[in-house]
Amino acid sequence: MIENCCAFTGHRPHKFPWKYDEADSRCIALKAALTGQIIELTKAGITDYYSGGADGTDCWAATAVLQLRAKNPMLKLHLILPHEGQESLWSNSAQERYHFILKQADSVQYISRDYYNGCMLDRNHRLVAAAGLLLAVYNGEPRGGTAATLRYARARSRKIIVLNPESLKISY
């Protein structure tokens with residue numbers, strides 16, 4: 001039942017003003033705001049969360065779900081990944097986080113064994129199909145994967161919550 005499911009979308013680290021510096025106070029505040037949104041959604045009855053596993057927003061949201069699941073075993077984390085080895089060019093710390101998430105997830109599904117042009121888009125479409133709600137960390141850029149996923153979700157009449165990564169304001 002997709003009504004109690006939420007998928008995540010959002011930018012990779014290079015799109016944020018702080019880039020890959022997760023010790024930056026703005027990054028810490030964004031992660032806290034993201035966790036706060038997941039807590040509110042859980043209170044509203046959302047139990048299943050879907051992440052595409054990309055570096056940045058996807059992995060931060062997945063980590064938050066895993067931390068919350070430690071206190072609430074009703075929560076489930078499902079990964080829908082574009083291809084095997086998507087993390088191979090990431091930093092060591094990002095790869096470690098990714099592998100931790102992979103091991104802890106309740107389910108893992110790959111769009112493809114190997115990379116192909118369009119596998120990320122196909123992953124994003126599968127995420128939207130799996131959930132009645134999309135939680136997006138989105139800076140308003142009209143181009144890119146996050147913008148395309150938001151357009152796709154709107155066209156499929158999904159509920160959408162947008163968390164602005166700089167102002168931390170929420171819009172619906």
Side-chain angles (χ1 to χ4, degrees), residues 1-13 22 27 30-116 118-138 145-146 148-150 152-153 156-163 165 170:
M1 194 160 28
I2 68 170
E3 291 80 31
N4 64 342
C5 300
C6 172
F8 303 114
T9 190
H11 303 298
R12 291 186 175 89
E22 292 187 41
C27 183
L30 174 58
K31 288 181 185 180
L34 189 55
T35 300
Q37 280 302 301
I38 296 166
I39 290 168
E40 291 306 310
L41 292 172
T42 299
K43 288 178 186 173
I46 303 287
T47 55
D48 289 69
Y49 293 90
Y50 288 81
S51 173
D55 193 15
T57 300
D58 287 7
C59 283
W60 298 338
T63 300
V65 171
L66 292 174
Q67 289 168 344
L68 295 168
R69 187 182 70 184
K71 296 177 189 146
N72 182 352
M74 293 292 293
L75 299 184
K76 304 288 182 235
L77 176 65
H78 307 283
L79 301 178
I80 300 177
L81 307 173
H83 62 90
E84 293 179 16
Q86 78 165 335
E87 79 289 2
S88 63
L89 300 177
W90 300 356
S91 70
N92 288 339
S93 61
Q95 285 188 40
E96 285 175 23
R97 176 175 27 224
Y98 181 81
H99 291 145
F100 173 79
I101 292 165
L102 212 53
K103 287 181 185 128
Q104 300 296 317
D106 292 286
S107 70
V108 179
Q109 182 182 92
Y110 290 95
I111 299 300
S112 175
R113 184 180 177 139
D114 300 308
Y115 173 84
Y116 64 87
C119 66
M120 306 291 183
L121 183 65
D122 291 345
R123 180 261 329 261
N124 294 344
H125 289 180
R126 187 88 54 90
L127 286 166
V128 170
L133 172 70
L134 184 67
L135 175 54
V137 175
Y138 179 55
T146 302
T149 304
L150 279 164
Y152 187 79
R156 271 127 198 96
S157 302
R158 296 300 191 257
K159 294 177 186 167
I160 299 171
I161 298 172
V162 176
L163 170 58
I170 298 292

Got [X] and [Y] here, is their nearest side-chain heavy-atom distance under 4.5 Å?
X: T9; Y: V128; answer: no
X: L135; Y: I38; answer: yes
X: C59; Y: Y98; answer: yes

What is the distance from atom [atom1] of [X] to atom [atom2] of [Y], rounded to the nearest 0.5 Å?
X: H83; Y: S112; atom1: NE2; atom2: OG; answer: 8.5 Å
X: L41; Y: T47; atom1: CG; atom2: OG1; answer: 11.0 Å
X: Y50; Y: L133; atom1: OH; atom2: CG; answer: 13.0 Å
X: L79; Y: Y110; atom1: CG; atom2: OH; answer: 8.0 Å
X: C5; Y: I46; atom1: SG; atom2: CD1; answer: 7.0 Å
X: I170; Y: L163; atom1: CD1; atom2: CG; answer: 4.5 Å

Do [X] side-chain atoms and [Y] backbone N/O form a donor-acceptor pair below 3.5 Å?
X: R158; Y: A131; answer: yes
X: E87; Y: Q95; answer: no
X: R69; Y: Q104; answer: yes
X: T57; Y: H11; answer: yes
X: Q86; Y: G53; answer: yes

S107-H78 side chain donor-acceptor pair, cut-off 3.5 Å: yes
On a heavy-atom basis, which atom in [X] and which in [Y] lie closest, and how many Å separate them?
X: G45; Y: N4; answer: O-CB, 3.5 Å
X: I2; Y: A129; answer: CG2-O, 3.8 Å
X: P82; Y: I111; answer: O-CB, 3.4 Å
X: G52; Y: L81; answer: O-CD2, 3.3 Å

Y152: ring-ring contact (aromatic ring centres under 6.0 Å, His included) partners, not counting sequence neighbours: H125
side-chain contact (heavy atoms from CB on, under 4.5 Å) between Q109 and I80, intermediate numbers included: CA-CA 5 Å; Q109 182 182 92; I80 300 177; 3.9 Å; yes
Test side-chain contact (heavy atoms from CB on, under 4.5 Å) applied to N124 and L127, step by step: CA-CA 5 Å; N124 294 344; L127 286 166; 4.1 Å; yes
Verdict with reasoning, R123 to D58, per side-chain contact (heavy atoms from CB on, under 4.5 Å): CA-CA 12 Å; R123 180 261 329 261; D58 287 7; 4.2 Å; yes
Steps toward side-chain contact (heavy atoms from CB on, under 4.5 Å) verdict (Y116, D122): CA-CA 10 Å; Y116 64 87; D122 291 345; 2.5 Å; yes
Aromatic plane relationship, F8 with Y49 - under 30° parallel, 30 to 60° tilted, over 60° perpendicular: parallel
